[in-house]
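One structure below.
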Amino acid sequence: MNVNVELLLTINALARSTPWLQPLMAAYATEGGLVVFAGLMLAGWWLARRRTDLAAVAAALWTPVGMLLALAINQPITAMFAERRPYMLYPDLLILAQHSLAPGFPSDHAVLAGAVAATLCLVNRARGWWAALAALVMAFARIYIAAAFPVDVLTGLLLGAVVSLLGYLLVRRALVRLLGLADPTIFRPLITSAPRTPRAKSAAGSP
């Protein structure tokens, strides 16, 4: 038995011994965790708007885009490996996950979590640490409910982070430039919460 399976069985044994935790983990591993990451992205953008650093705003606005890009790249990878999920291979597990025929490697949920956590670290370090913690809990929860192997979530976290960060590095300059051009327009509230200075107002109103 390899380490991947041994760790799965160990966490599953923990799940059996913690019935009080099962509903929380099952909720967080599915819709609950998605709500948490949506809230983290919204909070990251809201926090970035309070700063004058356009790079932070660019990172906040890129975060959901990077997340979707990482998920899109993950689809052909999961199809190529076509790995069956733990509950399909080990029916004696305590199964808290809803059955799905979709392949499990790398884990979509972990890819999402890794992508969001990685770019939020560029927005705000403290917010990024909270997002990283939420990502680790998501990875653990997917194993806890027997929806993924440890290697599925670890690979997913890494893949999501790498894709999102590399994507941001490629578009950072262009995105910051676009935000600078959009600053004097009606889209300014998306970029900053700071009031427009009198000089900026006159410049925006001049022909």
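What's counted below: heavy atoms across the whole structure, side chains too, no hydrogens, waters or symmetry copies. Nothing here was measured: the structure is a model prediction, and the numbers come from that model.
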Point-to-point distance, once rounded to the nearest 0.5 Å, from CZ of R172 to CG of L165: 12.5 Å
Sub-4.5 Å side-chain heavy-atom contact between F140 and V137: no
Working for side chain to side chain contact (heavy atoms under 4.5 Å, CB included), residues L96 and M25: CA-CA 9 Å; L96 303 174; M25 296 300 279; 5.8 Å; no
Residue pair L112, L34: steps toward the side chain to side chain contact (heavy atoms under 4.5 Å, CB included) verdict: CA-CA 9 Å; L112 177 152; L34 300 182; 3.8 Å; yes
Spacing of CD belonging to Q22 relative to CZ belonging to R16, to within rounding of 0.5 Å: 9.5 Å
Side chain to side chain contact (heavy atoms under 4.5 Å, CB included) assessment of Y144 paired with T18: CA-CA 11 Å; Y144 185 97; T18 53; 2.6 Å; yes
R49 to W46 six-membered ring, cation-pi geometry met (6.0 Å, 45°): yes
Any donor-acceptor N/O pair, T155 side chain to V151 backbone, under 3.5 Å: yes
Aromatic plane relationship, W62 with Y168 - under 30° parallel, 30 to 60° tilted, over 60° perpendicular: tilted
V176 and V57: CA distance, side-chain angles, deciding distance, side chain to side chain contact (heavy atoms under 4.5 Å, CB included) verdict: CA-CA 8 Å; V176 169; V57 181; over 6 Å; no
Mutual orientation of the aromatic rings belonging to F149 and Y90 [parallel < 30°, tilted 30-60°, perpendicular > 60°]: perpendicular
Main-chain N/O of A147 paired to R85 side chain as donor or acceptor, under 3.5 Å: yes
